[in-house]
Number of protein chains: 2
Amino acid sequence: MPTRLPPLATLQAFEAAVRHQSYTRAAQELALTHGAISHHVSALEERLGLRLFERDGNRMVPTEHGRLLVVKVRQALGLLERGFARAGRDEHVSLAVSVLPALASRWLAPRLPNFAEQHPDIDLCLDVRSGVADLAAGDADAAIRYGPGGWPDVQQVRLMGDELLPVCAPHYRGGRLPASVAELGDCTLLRNPWVPWEPWLHAAGAEWREPKRGPVCTDSAVLLDMAATGLGVALARRVFDDGDLRSGRLVRVLDISVPDPSSYFFVWRADHPQIDAIHLLRDWLLEQVLPTT
Amino acid sequence: MPTRLPPLATLQAFEAAVRHQSYTRAAQELALTHGAISHHVSALEERLGLRLFERDGNRMVPTEHGRLLVVKVRQALGLLERGFARAGRDEHVSLAVSVLPALASRWLAPRLPNFAEQHPDIDLCLDVRSGVADLAAGDADAAIRYGPGGWPDVQQVRLMGDELLPVCAPHYRGGRLPASVAELGDCTLLRNPWVPWEPWLHAAGAEWREPKRGPVCTDSAVLLDMAATGLGVALARRVFDDGDLRSGRLVRVLDISVPDPSSYFFVWRADHPQIDAIHLLRDWLLEQVLPTT
DNA sequence: CGCCGGTTGTGAGCCGAATTCACAACCAAG
DNA sequence: CTTGGTTGTGAATTCGGCTCACAACCGGCG
């Protein structure tokens, strides 16, 4: 399996040849003879089983295959050149990212090692807060926000939507878990003011409304902890309760779920001085989220 | 100039060594001896003047520099491997992009050759229309929209904001161009229903309001053509009149400009089957726009 | 047409670099 | 301390890239 890749010199020769549309000029640039370029290109063509150039008079014009290939080659060479030019200088970048507590602990934290590995030159500083960080004021360099989207003055992409479903501790009420929506009315509904029960109750066909009293917590993770102690039934998002469901700390109640009308968004400002790092973070987040869509 | 890059075999050896944290295992993977790996790594270290590995017992653990470097190397190698694996198969992708007429002709069209060169595997199909394409209905794969942002159910990034400033033909009114806001009141104001004069008039301190009569055109490019014929004064966006101003076909009137409250946005759907190509298009658009911010 | 300055294709041979080999040094664990 | 593992290193070998020289080809021009 070793080196099924052509040598670098070959790639550089190919790239220069495409750029100049001429072997001799490419050879001049690389301080070689035209013969070297010719050998390189024919070696490449033989290896791929494809013609990469066609003669047009005394110009060498790349074929379709050649044009497709040279893009990747150029990107790779550029990456290497930049990588080696910068090697030695440590150009660490620090990004302050505002994140909601629940998402930070249950979703982001376990994935951070992966980020650190893929982007060792970016130090993330998680600014965990319940409120909304004002990016314009410099509260943070970027943020993950929860809501309907459409914030003014910032760039934004939706990271993930979710489903809402009720969960509680398996030993809640001595194990006599509610089996119907009506029974659920006798339970303590744990509430998060940002995640109302209304849409779910409506979808489940409940004839009663969300109670105005009882335990309230503004943080979803803590709300789940409360549910796990047997305090009541919480309306949970999949992202957060996945681990708890698997470990048996929590169980689903009834099998009705509704799409969460709110989503998580990554937001940033286009004029940020370290926009490159922010884009890398954005793309990484989108990758993490890809399976979920 | 030539090959200031280390040979590919060296990079592969380095990468494998980082991955295995062991020269001998890296050597096994590449079907080489440990000596080869050792030589490769020390050649790299000497070339860079940096230590890339440190011994930890009988493990070789990469230094900070090593970890930073290996990221670029991995990306580059990955790019090449994928590039060469796919070479030959033509995996062309076609994207239908809905664009407003003015933007398509004055801004996007002249940049398309650049896109074609950078992404020869993506065929753009410009769906030029004045209305809003419904991405969910499959009207297009992505779109560039003009407005305040915050559309539901789509991903979006702001491409560019702009300034609004009045322009007219240099020979308008026989060359007696309006020199004050009051004088502008005697001129014919060409109107685009999507780009009201109000904010500009307000900023300029006009004591009169936008006329309800006179020429109207829903397309900014055509509106500028109308102004160029001497029909009246148009409220133009920089993106569009730049060329006209340089060529002298149009001149600025008064030197007051206001930020355009609307912007151009690139919008797409995260669940699109060709999301990779869409991301490439998005990133390319953002690059085009970078100087403008 | 036929020459000329330009290009690319090709095979032989040279030279340098990548790899191996063999041995020394070192480490961790028994 | 020995044993089985690792890495460092210099010399020998092998392999591949490059040049060189010549043939083939193209476009233009007299």
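Keep in mind it's a predicted model, so treat the numbers as computed, not measured. We name chains A, B, ... by the order of the sequence lines, and we start the count at 1 in each one.
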Among [options], which is the nearest nucleotide to the side chain of [X]?
{"X": "B:Tyr23", "options": "D:dT7, C:dA18, C:dG9", "answer": "D:dT7"}
{"X": "A:Ala36", "options": "D:dG10, C:dG9, D:dT19", "answer": "D:dT19"}
{"X": "A:His40", "options": "C:dG9, D:dC18, C:dT19", "answer": "D:dC18"}
{"X": "B:Ser22", "options": "D:dT7, C:dG9, C:dT20", "answer": "D:dT7"}
{"X": "A:Arg55", "options": "D:dC18, C:dT7, D:dT9", "answer": "C:dT7"}

Whole Å only: how far is the [atom1] atom of [X] from the [atom2] atom of [N]?
{"X": "A:Ile37", "N": "D:dT19", "atom1": "CD1", "atom2": "P", "value": "9 Å"}
{"X": "A:His20", "N": "C:dT7", "atom1": "NE2", "atom2": "P", "value": "13 Å"}
{"X": "B:Glu54", "N": "D:dT6", "atom1": "CD", "atom2": "C1'", "value": "17 Å"}
{"X": "A:Leu8", "N": "D:dG17", "atom1": "CG", "atom2": "C1'", "value": "14 Å"}
{"X": "B:Asp56", "N": "D:dT7", "atom1": "CG", "atom2": "C1'", "value": "14 Å"}
{"X": "A:Arg25", "N": "C:dT7", "atom1": "CZ", "atom2": "P", "value": "8 Å"}
{"X": "B:Arg51", "N": "D:dG8", "atom1": "CZ", "atom2": "P", "value": "8 Å"}
{"X": "B:Glu45", "N": "D:dT9", "atom1": "CD", "atom2": "C1'", "value": "14 Å"}

NA contact type, B:Leu32, heavy-atom cut-off 4.0 Å: base, sugar-phosphate, or nothing?
-> sugar-phosphate
At under 4.0 Å between heavy atoms, what does B:Thr10 touch on the DNA or RNA strands: base, sugar-phosphate, or nothing?
-> nothing
Between B:Arg67 and B:Val71, the two heavy atoms sitting closest are O-CG2, 3.4 Å
Of all the heavy-atom pairs spanning B:Ala13 and B:Leu30, show the shortest one and how long it is.
-> CA-CD1, 3.7 Å
For A:Arg51, does its backbone N or O pair with a side-chain atom of A:Thr63 as donor and acceptor, under 3.5 Å?
-> yes
Under 3.5 Å donor-acceptor, B:Asp127 side chain and B:Ala96 backbone = no
Within the structure, does a side-chain N or O atom of A:Thr24 lie under 4.0 Å from either OP1 or OP2 of C:dT8?
-> yes
Taking only side-chain nitrogens and oxygens of B:Ser38, does any of them come within less than 4.0 Å of OP1 or OP2 of D:dG8?
-> yes
Map A:His39 and A:Met60 onto DNA chain C by nearest heavy atom, then report which one ends up closer to the 5' terminus.
-> A:Met60
Pair A:Thr24-A:His34, side-chain donor/acceptor within less than 3.5 Å = no
Determine if B:His34 stacks with D:dT7; use a centre-to-centre distance below 5.5 Å and an interplanar angle below 30° as the criteria.
-> yes
